[in-house]
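Read the numbers this way: they start at 1 and go in the same order the structure lists the ligands and their atoms. One-based numbering along the sequence shown.
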Amino acid sequence: MLTTRPRGTNDILPGEVEKWQYLEELVRQVCREYGYGEIRTPLFEHTELFARGVGETTDIVEKEMYTFTDRGHRSLTLRPEGTAATVRAYVENKLYALPQPIKLFYIGPMFRYDRPQAGRYRQFHQFGVEVFGSDSPAIDAEVIAMAMDIYSRVGLQDLELHLNSVGCPDCRPVLREQLRQYFRPQLANLCPNCQGRFEKNPLRILDCKNEKCQVIGRQAPTPLDALCDPCAAHFEQVKSYLDAAGVKYVLNNRLVRGLDYYTRTAFEIMARDIGAQSSVGGGGRYNGLIEECGGPPTPGIGFALGLERILLTAANQGIDFPVNIRPAVFIATVGREVDKQAFELLQQLRRQGIAAEKDYLNRSLKAQMKYAGKLEARLVVILGDEEAARGVVVIRDMQAGTQQEVALGETVAYIKARTAS
Ligand code: AMP
């Protein structure tokens, strides 16, 4: 136990972490362009927030939460997703009093007691955005276009954007009743999960992965058929904004998504190459949620992308990220006397923003050169007693295999010029 991490968690090591940093920087850049400000909420919240904000009948709340009682006997839960906490922060900090809409993003770890497999973990990372205070279909199109923009800048291909509308509190009760009528004669043949969903949330039966439930549900009424006029008009507008922006989508009238609070637009992005866990992101509108969480009636919409799944898809598609962890310079020394001089030079280079490294194991010059090669340093500065006495260093270009003497006082300027190119 001491030397194994908990099931479903990962260590992200140097070599791999640079890809994460690249991806994180990419999404931050997209957020700057789209005008989204970062929000950082606690990693744990009162359990009640998720029960209310994610929904009692969801898989997350029913079976996947990391819930614990703290020493003050409060029930707390490690956040399984980012929307509920962002809504809580919007209400608690009265962000509704500011000019609307409020456009926020978050990035960080989420925790779910899921069954681990490739692309599915118990601690995983999401990037997500939430927009509060606008019901405009243009905002729906904006968040969807933004998600697709991120995938395309990563270089992912063959993604499918599935789009649906799940209606609103006016039209959904009608659909629910239609669904109950449709499924009632077959109730005993549905999977145990769906038997439970039948009363509480029959829409969820539509996207059950169980084959039998899918067969039974083949002719079931779907959300798009049941939309009220305002919802249908809203959906038409969302589609026309997406068309205007050239964002391609497939209509999927079975897509209801796992969370209870969705209204109107629901979407999910699927990748073909990552096996069973094909969803690389998804989101939707949740116009009732903010009020449900104690705020003023406020429309909202958001999405979340799984960073592990994006990296996995990128790896499967052979995408290389432009990451560079090579030091520009390695300082090799001959003789102990010059070691302090080497250290001083090292620091001067670093202060100039040049990544520099030296030996810390008293290696021989030959071993230092080999080590510098392993680190893939571009230049090696060789500092020996004899050179030090003459006030020079030897600088070796590792790729070209050439070397030349440079006056010690000129070394930093010389390296700066060489590494700038
Ligand atoms: P959700 O919050 O369930 O809509 O998930 C949004 C995205 O987060 C999904 O499309 C996945 O990319 C990712 N995701 C959800 N659950 C997991 C998990 N257990 N492990 C890794 N990624 C996940």
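Counting heavy atoms only, Phe124 comes closest to atom 18 (C) of ligand 1 of the residues Phe124, Tyr113, Phe111. If you check each of Arg309, Arg112, Glu268 against atom 1 (P) of ligand 1, the one with the closest non-hydrogen atom is Arg112.
With ligand atoms numbered from 1 in the order given, ligand 1 contributes 7 (C), 8 (O), 12 (O), 13 (C) to contacts under 4.0 Å with heavy atoms of Gly306. Distances below 4.0 Å separate heavy atoms of Gly281 from the following atoms of ligand 1: 10 (O), 12 (O). Under a 4.0 Å criterion applied to the non-hydrogen atoms of Gly119, ligand 1 contributes the atoms 20 (N), 21 (C), 22 (N).
Among the atoms of Ser279, some N or O lies under 3.5 angstrom from an N or O of ligand 1. Distances between N or O atoms of Leu305 and those of ligand 1 include no value under 3.5 Å. Note: no N/O pair closer than 3.5 Å links Ala304 and ligand 1 by distance alone. Polar contact with ligand 1: absent for Glu81 (N/O pair, distance under 3.5 Å).
Heavy-atom distances between Glu308 and ligand 1 stay at or above 4.0 Å for every pair.
Checked for salt-bridge contact, Asp243 and Lys239 miss the test: no charged N lies under 4.0 Å from a carboxylate O. By the 4.0 Å N-to-carboxylate-O rule, Arg32 lies close enough to Glu25 to be salt-bridged with it. A salt bridge links Glu292 to Arg52: at least one charged side-chain nitrogen sits closer than 4.0 Å to a carboxylate oxygen.
At a heavy-atom cutoff of 4.0 Å, ligand 1 is contacted by the side chain of Gln126 but not by its backbone. Of the heavy atoms in Asp114, only side-chain atoms (C-beta onward) come closer than 4.0 Å to ligand 1.
Phe105 does not carry Lys103 over the face of its six-membered ring by the limits of under 6.0 Å from the centre and within 45° of the normal. Remark: Arg122 qualifies as a cation-pi partner of Tyr113 under the 6.0 Å distance and 45° angle criteria applied to the six-membered ring.
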### Task
Go through Thr83 and Glu130 one step at a time and tell me if the side-chain hydrogen bond (donor to acceptor under 3.5 Å, both in side chains) criterion holds.
CA-CA 7 Å; Thr83 303; Glu130 315 291 347; 2.8 Å; yes
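The ring-ring contact (aromatic ring centres under 6.0 Å, His included) pairs that include a residue from residues 16-44 are Trp20-His125, Tyr22-Phe321, where partners are two or more places apart or lie in different chains.
In the displayed structure, Asp229 atom CG is contacted under 6.0 Å by at most 12 heavy atoms of other residues, nucleotides or ligands.
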